[in-house]
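Residue numbers begin at 1 in each chain, while the letters A, B, ... track the order of the sequences.
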Amino acid sequence: EPEVTQTPSHQVTQMGQEVILRCVPISNHLYFYWYRQILGQKVEFLVSFYNNEISEKSEIFDDQFSVERPDGSNFTLKIRSTKLEDSAMYFCASSEWGTASSYEQYFGPGTRLTVT
Amino acid sequence: GQQLNQSPQSMFIQEGEDVSMNCTSSSIFNTWLWYKQDPGEGPVLLIALYKAGELTSNGRLTAQFGITRKDSFLNISASIPSDVGIYFCAGRSGTYKYIFGTGTRLKVLA
């Protein structure tokens with residue numbers, strides 16, 4: 001069964017450094033998302049991406065964050081100048097577009113980001 | 001902003017028992033999704049609901065889209081040890097953005 005994959009599974013970085021989290025969405029999906037989950041808390045929406053541009057972003061997704069689809073398969077989240085409070089699980093998700101299942105979002109296994 | 005309150009926050013049940021949990025909000029939603037999350041893993045989609053009043057099953061799981069569109073319910077029948085995990089509801093109002101609930105942590109005692 002097709003699934004969303006994410007790399008790395010765990011990333012440790014020092015405060016102030018830049019990180020890039022990578023995702024490979026399900027191959028026939030056209031809508032992509034990033035969510036984050038601080039330890040023990042609920043999942044929070046960061047950004048949605050369609051047709052090579054941001055569709056919607058939350059107030060969390062400020063200038064520190066950016067997303068990109070550098071090729072036909074990868075979808076990345078870049079976090080510049082990381083802060084301690086950026087430590088969280090970051091989930092990529094994807095969904096179809098234009099079908100009855102378009103609103104079903106499938107999540108990857110996540111990248112645990114630890115900022116020290 | 002929009003908030004989804006899930007209850008109960010946690011529950012301990014005996015294997016074989018039925019489980020009920022719900023998700024409520026003061027906002028109206030157009031789609032409800034229910035997910036299960038195991039520790040250290042991503043949420044796994046269980047059920048999707050698209051219309052008010054809709055009742056949908058997936059094996060031992062049954063979920064309902066509340067008539068008011070402000071709530072949703074998930075039932076698990078005849079629980080088994082692998083049902084352990086955190087169950088999240090997620091609601092969508094107008095866009096592709098989902099608001100997640102606070103989660104219900106389920107523990108099953110064999």
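Interface residue B:Q37: only side-chain heavy atoms are found under 4.5 Å from chain A. For A:Y103, the parts lying near chain B are the backbone and the side chain together; criterion is any non-hydrogen pair under 4.5 Å. Contacts between A:S102 and chain B at a heavy-atom distance below 4.5 Å involve backbone atoms as well as side-chain atoms. With a threshold of 4.5 angstrom between heavy atoms, B:F88 approaches chain A through side-chain atoms but not through N, CA, C or O.
Of residues 37-61 of chain A, those residues lying under 4.5 Å from chain B by any heavy-atom pair are A:Q37, A:Q41, A:K42, A:V43, A:F45, A:E56. Taking non-hydrogen atoms and a 4.5 Å limit, the residue list of residues 12-36 of chain A in contact with chain B, ordered by number, reads A:Y31, A:Y33, A:Y35.
Side-chain contact check for A:Q105 versus B:L45: every heavy-atom pair is 4.5 Å or farther apart.
Following chains of ILVMFWY side-chain contacts shorter than 4.5 Å, one can reach B:M21 starting from B:I47, so the two form part of one hydrophobic cluster. Side-chain heavy atoms closer than 4.5 Å link hydrophobic residues (I, L, V, M, F, W, Y) into clusters, and following such links, possibly through other members, connects B:V19 to B:L46. When hydrophobic clusters are built by joining Ile, Leu, Val, Met, Phe, Trp and Tyr residues whose side-chain heavy atoms come closer than 4.5 Å, directly or via intermediates, B:W32 is not grouped with B:F100. A continuous path of hydrophobic side-chain contacts links A:L113 to A:F75 [ILVMFWY only; heavy atoms under 4.5 Å]. The cluster map of Ile, Leu, Val, Met, Phe, Trp and Tyr, joined by side-chain heavy atoms under 4.5 Å apart, puts B:Y87 and B:V108 in the same cluster.
Few gaps surround CD on B:E15; more than 12 heavy atoms of other groups in view lie less than 6.0 Å from it. Under a cut-off of 6.0 angstrom, the local environment of CZ in A:R69 is crowded, with over 12 non-hydrogen atoms contributed by other residues, nucleotides or ligands. Within a 6.0 Å sphere centred on CD of B:E17, other residues, nucleotides and ligands contribute more than 12 heavy atoms. Other residues, nucleotides and ligands place no more than 12 heavy atoms under 6.0 Å from the CG atom of A:D63.
Listed options B:T95, B:T102, B:T31 were ranked by heavy-atom pairs under 4.5 angstrom with chain A; first place goes to B:T95.
In this structure, the separation between OH on B:Y98 and CD on A:E104 is 7.5 Å, given to the nearest 0.5 Å.
In terms of heavy-atom proximity, B:P43 sits nearest to A:F107 at O-CB, 3.4 Å.
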